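Shown next, in structure tokens, is the structure this report addresses.
Here the structure is a predicted model, which is why all the values come from computation and not from measurement.
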Amino acid sequence: MQGRRLSDPAQREDTKKLKTAEDPSKKAIQHDGEACAKWCKLQQDGTSWLDETKIKSMLSPKDLQDINWMGNVIRGRVLNARVYPLIFETTLPDAPDVVRFRTLSFFVELLRDSGSGSKYAYLTSEQQRVVAVGVRDLYIADLAGLLSVSEKSILRGMVNIITSSSDEQDFGGLSISPHLSKSRPIVKFIENLDDKIGGEESELFAQVMQIPRLFAVFVSPADLSYHNFENIIPIDAWFESKLPQLQCSNIDLEATNVGQILSEYEIFSCRLQGAALGLLKDLSALDLYVTPLNQNTRGGKRFIFHSALLSTALTKTLECSNILDKLAGGQLRTSFEFVNYVFRCNTFNPDDSHFQNHLDTPYYDGSRSQISKYTMLIFLTGGCNKPVLRIEDVSLCEVEEFGCVIFDQKYEHEGWPFLDGRKVFIRTELVFKDENLTHDSKISALFSEACYMTGQGMFDQELSTYANECFERANSLHWAVEKAASQPPVYFIKQFLGVQFVTNGYRYWFLKSDEVQVKEYALVAVLDYFNCKIGSRSFHSLVTSTKIQRKFDSLDEIWSCFDSSWSQGTTGFRDIKQCGLESIIKKEPTTPMKWRFEDWDGDAEEIEEYEEDGDGCCPFHSFPMFNPWKNSMVMEAHDLCSKYALNKLFGAPILILDGKIAINKTNIEIVGDKINFLRNENGTPLPRINFAACWGDESPAEYVVVGDEIPAPALFIPPLSLNECPHGYQLTLDFFRNDWMVEVDDERTIFLPEISELPENRTAFQDKVTELEERLENLFS
């Protein structure tokens, strides 16, 4: 059964107890006048009615038919994340706290007291959880456009009151929470979260889709960097689940009414037809829209999704039409590759701000000589404004439902909401082969700076505007148009432990020091750029920063801006070779031997022949006193797994040990003016082991289980460029060449083997290794 019951307050150390309902899942429903959540009703026969246009349910049919439990859900007597949004305006005076503390009337009480904050501060953690669940449901209702003006005001106020939650989890380099709060205001969607963190841990994370199984999580802006800004949702499974309703296996579309809007501009229009258009309408109705990070210039809401099916369908649609014959006078037909498989679905209400004038960032893959040259907009609703869309000097004042506009990406453009009704459109782009592509470091520098400043400027309007200008200047350079900067460049002077550095997100400057090697500086730059997790904290949270805005005419001016009062120290990094990694592998049991009498039906005399710490023959002959630590074959398997783990540990350029950074300088190599982070995973696979037949169906390897996990961030990145100067080092991080696949996994861990007397209750090391590294197959036979 889905749902979460609050723990017994009598067993808590909190001084203030939570008044809960009496066994709500079993108590028979009584018509006692209790208020239900908005858009829900408890009917005379005890069944629950939900307004399905407003209330979403991710419950199984069996759960929905459980009359008592569903009645308690809609009356607020249990916390859950599979039926939402449940909004309670008020409740009876003697209602349990699990209901009362998430009513709008109680929220108003908290807001009246928000000056001192004492009322919320004195709530127990269980009571604060109830409040947070109520605010989460308000937020979900707001995403769906269900809140009144006063309710939106309550939501804004409550977000500022809620503090961090005990329900937070670390996942994928982010600290995720099931609740919205001032410190975790950004929503992301994660697929199969319950499988990844466990069913119990995921109980309060709202599931927003069945296919794919998406869960809403809330994260801190401080944890974000360019590699996890965007939340790209895989949507093909959803399409596949819907296609049978159309009695077809593919998305089939046709482009009609193809024309060029003005002969002097590369702007074209067409209209899509086909039964699959209903799928696109359904897609646009999904509750996945979020406010973009650059909301001050972009307006509206959007979600980003990945679909190979839609890409293939639109590619076929264009190839079967005469649109490609019209682009650039037909010169690009033979070089057309595909429609990009990453899409943005945007929505604007009439009172939303407009999408400001901008250039689109082209898709670019230098290794395959591919670049996008045309943007494609598919309007899923029709409407008008003066104008709806302006491309260069061309104004479109009306668009029709399922109409498409395709235009050259060198054109600046901007859009406005409809005067009436929602404006919804999907944006993608047409990708072409171009053998003449070259890498422009100026574009990389501006784009890298823009990405970095976006992360730094989450709550800084001026910095956000500067980042947007960097994006626009980078995009214009793709079309050989160089825009002048309207303001001086932005730099940050940062301090991390004993190290001071200056950066603009593309270049990093460090003063020379007898205490710190350049390899350590390189690692500091990478950790800062990707905002990697160090233990439970993001790198940026460990750094102090000062923003400066000025134009440097020479390197000497950069060196002079370092704080002269700063006493240069060390990074605090430990050397992996001096960390005694061998000692973290367990080589002997740390707890007494556990005899397994619960599964044994022999005579007491039979165990007298065994030593007190058991026997090492095998589970068959030594049961119930088998001690795997005394078995030579188990120890052989353990030794092999230990060597594997140590190879992995020594092959990593960085480990996090007890929340501190350990650096492997041998895996950071300097060759000329390049600094390489070597990716040496594990050497050779472990050999097969042939075991004695007396083991029967069991294997000695099953007694080698997963023990501790050592954080070892994976850094698969291009080389850093090194320029040594008289005063210090200049490092350049050019991560946008696109002939490199940049991969940063700051949540990667290396598993350590351990021997267990009860392996059936633990994860076998060989299973986890196979799951982690596909190339390590058939580890044991």
Nearest 0.5 Å please: distance from the [atom1] atom of [X] over to the [atom2] atom of [Y].
{"X": "Q730", "Y": "S721", "atom1": "CD", "atom2": "OG", "answer": "9.5 Å"}
{"X": "F218", "Y": "R136", "atom1": "CZ", "atom2": "CZ", "answer": "8.0 Å"}
{"X": "D223", "Y": "I176", "atom1": "CG", "atom2": "CD1", "answer": "11.0 Å"}
{"X": "N160", "Y": "S183", "atom1": "CG", "atom2": "OG", "answer": "11.0 Å"}
{"X": "L542", "Y": "L497", "atom1": "CG", "atom2": "CG", "answer": "7.5 Å"}
{"X": "L174", "Y": "I190", "atom1": "CG", "atom2": "CD1", "answer": "7.0 Å"}

Answer whether the closest heavy-atom distance between the side chains of [X] and [Y] falls below 4.5 Å.
{"X": "C561", "Y": "V502", "value": "yes"}
{"X": "D528", "Y": "F501", "value": "yes"}
{"X": "V135", "Y": "Y139", "value": "no"}
{"X": "K547", "Y": "E462", "value": "yes"}
{"X": "T454", "Y": "F471", "value": "yes"}
{"X": "Y521", "Y": "S513", "value": "yes"}
{"X": "R507", "Y": "Y491", "value": "no"}
{"X": "L722", "Y": "L731", "value": "yes"}

Mark yes or no for whether [X], through its side chain, and [Y], through its backbone, hold a donor-acceptor pair below 3.5 Å.
{"X": "N531", "Y": "H540", "answer": "yes"}
{"X": "S177", "Y": "E168", "answer": "no"}
{"X": "S464", "Y": "D460", "answer": "no"}
{"X": "Q500", "Y": "I493", "answer": "no"}
{"X": "S181", "Y": "R184", "answer": "yes"}
{"X": "E482", "Y": "L477", "answer": "no"}
{"X": "Y363", "Y": "E429", "answer": "no"}
{"X": "N231", "Y": "F189", "answer": "yes"}
{"X": "K519", "Y": "I670", "answer": "no"}
{"X": "K674", "Y": "P719", "answer": "no"}

Where is the tightest heavy-atom contact between [X] and [Y], given as atom of each residue plus distance?
{"X": "R473", "Y": "A485", "result": "NH1-CB, 3.6 Å"}
{"X": "P362", "Y": "N475", "result": "CD-OD1, 4.1 Å"}
{"X": "A132", "Y": "I162", "result": "CA-CD1, 4.0 Å"}
{"X": "A467", "Y": "M453", "result": "CB-CB, 3.8 Å"}
{"X": "P726", "Y": "K512", "result": "O-CD, 3.8 Å"}
{"X": "L204", "Y": "P178", "result": "O-CB, 3.2 Å"}

As a quick check of understanding, evaluate salt bridge (Lys or Arg N to Asp or Glu O under 4.0 Å) for E520 and K665, giving each step before the final call.
CA-CA 8 Å; E520 296 177 77; K665 295 177 184 177; 3.8 Å; yes
For the NZ atom on K442, are there more than 12 heavy atoms of other groups (residues, nucleotides or ligands in this structure) within a distance under 6.0 Å?
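No, NZ of K442 has 12 or fewer neighbouring heavy atoms, counting only those of other groups under 6.0 Å.
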Any chance CD of Q549 has more than 12 other-residue heavy atoms, nucleotides or ligands included, within less than 6.0 Å?
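Above 12, so yes.
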Determine, stepwise, if the pair D734 / Y506 fulfils side-chain contact (heavy atoms from CB on, under 4.5 Å).
CA-CA 7 Å; D734 188 352; Y506 180 68; 3.9 Å; yes
Anything under 30° is parallel, anything over 60° is perpendicular, the rest tilted; go ahead and classify [X] against [Y].
{"X": "Y529", "Y": "Y452", "result": "parallel"}
{"X": "Y508", "Y": "F510", "result": "parallel"}
{"X": "Y289", "Y": "F303", "result": "perpendicular"}

Using the rule given for side-chain contact (heavy atoms from CB on, under 4.5 Å), can you reason through I233 versus I304, listing the C-alpha separation, both sets of side-chain angles and the distance that settles it, and then say yes or no?
CA-CA 6 Å; I233 299 168; I304 304 175; over 6 Å; no
Tell me whether K483 is salt-bridged to E412, with the criterion being a basic N under 4.0 Å from an acidic carboxylate O.
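Looking at E412 together with K483, the answer is yes, because their closest N to O distance falls below 4.0 Å.
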Going through the distances and angles, do T571 and I661 end up as a side-chain contact (heavy atoms from CB on, under 4.5 Å)?
CA-CA 9 Å; T571 60; I661 298 171; over 6 Å; no
Start with the C-alpha distance between T732 and N723, add both sets of side-chain angles, then the distance that settles side-chain contact (heavy atoms from CB on, under 4.5 Å), and finish with yes or no.
CA-CA 8 Å; T732 302; N723 178 24; over 6 Å; no
Exercise: do E469 and T465 side chains pair donor with acceptor under 3.5 Å:
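Absent: no donor and acceptor within the cut-off.
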